[in-house]
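Notes follow once the structure below has been shown.
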2 protein chains.
Amino acid sequence: MNSEFTIAVHSLVLLAYRLDHMATSDMIAANVCTHPARVRKVMSCLKKQGYVATKEGTGGGYALNCNPAEVTLAQIYRATSIGSLKPSWCSGNEEEDCMIACNMADVMDQIFSEAEEQMLAFLSRVTIHDVLNRIREVQSGKT
Amino acid sequence: MNSEFTIAVHSLVLLAYRLDHMATSDMIAANVCTHPARVRKVMSCLKKQGYVATKEGTGGGYALNCNPAEVTLAQIYRATSIGSLKPSWCSGNEEEDCMIACNMADVMDQIFSEAEEQMLAFLSRVTIHDVLNRIREVQSGKT
DNA sequence: TCTTACTGTTATTATAATTATTACAGATTA
DNA sequence: TAATCTGTAATAATTATAATAACAGTAAGA
């Protein structure tokens with residue numbers, strides 16, 4: 001699993017949290033702890049799906065363009081990381097005579113893809129707003 | 001996700017498929033397409049959980065020590081790869097003042113761990129025997 | 001008892017994937 | 001026209017993963 005999903009969720013939660021629901025890639029990058037160019041790459045993907053609006057030039061940046069109580073982590077995962085559950089390394093070899101060796105990669109593909117759908121079923125029950133609430137809970141639990 | 005889970009499943013399926021339910025690390029490695037030492041490392045983990053028996057010395061190797069119709073992929077995943085869903089990269093920074101930045105990593109940890117449990121719920125419905133059957137299906141579908 | 005064939009494990013090297021960084025074109029504001 | 005932003009691609013650095021080598025220990029059989 002790469003971490004673009006994490007960055008996307010963090011960015012959206014941050015935008016939802018901020019009163020003006022806006023931030024530049026520099027501000028988001030400082031909060032997330034990564035490079036602004038990486039944030040822009042992820043945000044550009046969220047923009048294509050309509051979750052954020054962007055504005056170039058002075059005073060520009062990213063603005064939340066969705067209802068955080070409605071957008072789910074499943075939608076974000078599909079936008080940024082679908083297919084990343086499966087490891088890139090593949091078992092067996094299609095050229096082999098052995099039935100196991102030449103079909104295992106296919107079957108593991110099936111299984112990882114079904115497992116990913118199960119995971120998505122869970123993520124579809126968690127919204128950006130829920131994540132923000134979880135953060136508030138963790139924070140208030142710190143005495 | 002690392003691929004030790006895949007190697008473990010492949011190895012068990014291969015053992016279940018073979019009439020004598022036995023194989024050496026060299027034989028398994030050739031089938032899986034990896035190095036025998038890697039197979040031994042994974043098998044050593046399966047042995048600790050009792051899924052296979054091992055015998056050192058001439059004529060030795062690995063023998064299936066479980067019922068392939070009962071052992072599930074969830075058990076194998078827990079034995080080899082639990083925790084590997086979560087990316088190693090972490091968002092935010094605990095030292096920050098910002099509530100989002102300093103708690104996001106914790107909350108994403110929660111979420112990845114719950115998502116992993118959902119995935120496990122699916123994997124617990126797939127046995128080694130089921131994987132073998134899927135391979136037979138794919139094979140027979142090849143005209 | 002000596003040789004051969006295994007597992008078990010660690011250390012090291014090689015490769016691949018991920019992340020960080022740089023660079024710059026294009027947009028917008030003042 | 002200078003300053004500030006996004007968008008994107010190219011490259012460098014870092015980290016994770018996999019392959020390989022090496023060798024101690026165990027067992028079988030000549």
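First the proteins, then the strands, lettered A, B, ... as listed; each starts at 1. All values below were derived from every heavy atom in this structure, side-chain atoms included, with hydrogens, water molecules and symmetry-related copies excluded.
- Between R40(A) and the phosphate of dG7(D), there is no side-chain N or O to OP1/OP2 separation shorter than 4.0 Å.
- At least one donor-acceptor pair closer than 3.5 Å links the side chain of S11(B) to the backbone N or O of I7(B).
- Nearest nucleotide to the side chain of T54(B), out of dA20(C), dA18(D), dG8(C): dG8(C).
- Under the 3.5 Å distance criterion, with hydrogens and angles disregarded, no donor-acceptor pair is assigned to the side chains of S124(B) and R78(B).
- Nearest-nucleotide assignment on DNA chain C puts the 5′-proximal partner with I7(A), out of I7(A) and G59(A).
- Going from atom CG of L46(B) over to atom P of dT7(C) covers 14 Å, rounded to whole Å.
- At dA16(D), none of the side-chain N or O atoms of W89(A) fall inside 4.0 Å of OP1 or OP2 (strictly under the cut-off).
- The residue among K41(A) and S88(B) whose nearest nucleotide of DNA chain D lies closer to the 5′ end is K41(A).
- Of the candidates dT22(C), dA22(D), dC5(D), the closest approach to any side-chain atom of E56(A) belongs to dC5(D).
- Between S44(A) and T58(A), the residue anchored nearer the 5' end of DNA chain D, judged by the nucleotide with its closest heavy atom, is T58(A).
- One finds a side-chain N or O of K47(A) lying less than 4.0 angstrom from the OP1 or OP2 phosphate oxygen of dG7(D).
- Following rounding to the nearest Å, K55(A) (NZ) and dA3(D) (P) show an atom-to-atom distance of 20 Å.
- In terms of phosphate contacts, S3(A) brings a side-chain nitrogen or oxygen within less than 4.0 Å of OP1 or OP2 of dT19(C).
- A donor-acceptor contact under 3.5 angstrom links the side chains of K142(B) and N103(A), judged on distance only.
- Atom NE2 in H35(A) sits roughly 12 Å away from atom C1' in dA12(D) (whole-Å rounding).
- For the OP1/OP2 pair of dT6(D) and a distance below 4.0 Å, the side-chain nitrogens and oxygens of S25(A) include at least one atom meeting the criterion.
- Distance, M43(A) CE to dG7(D) C1': 13 Å, rounded to whole Å.
- In this structure, of dC5(D), dG8(C), dT8(D), it is dC5(D) that holds the atom nearest to the side chain of T24(A).
- In this structure, of dA19(D), dT7(C), dT6(D), it is dT7(C) that holds the atom nearest to the side chain of Y62(B).
- With rounding to the nearest 0.5 Å, the separation of SG in C98(A) from CG in N93(A) is 10.5 Å.
- Distance, D26(B) CG to dT20(D) P: 13 Å, rounded to whole Å.
- Per the geometry, NZ belonging to K86(B) stands 14 Å off C1' belonging to dA16(D), to the nearest Å.
- At least one donor-acceptor pair under 3.5 Å links the side chain of T80(A) to the backbone N or O of I76(A).
- A straight line from CZ of R38(A) to P of dA17(C) spans 16 Å, rounded to a whole angstrom.
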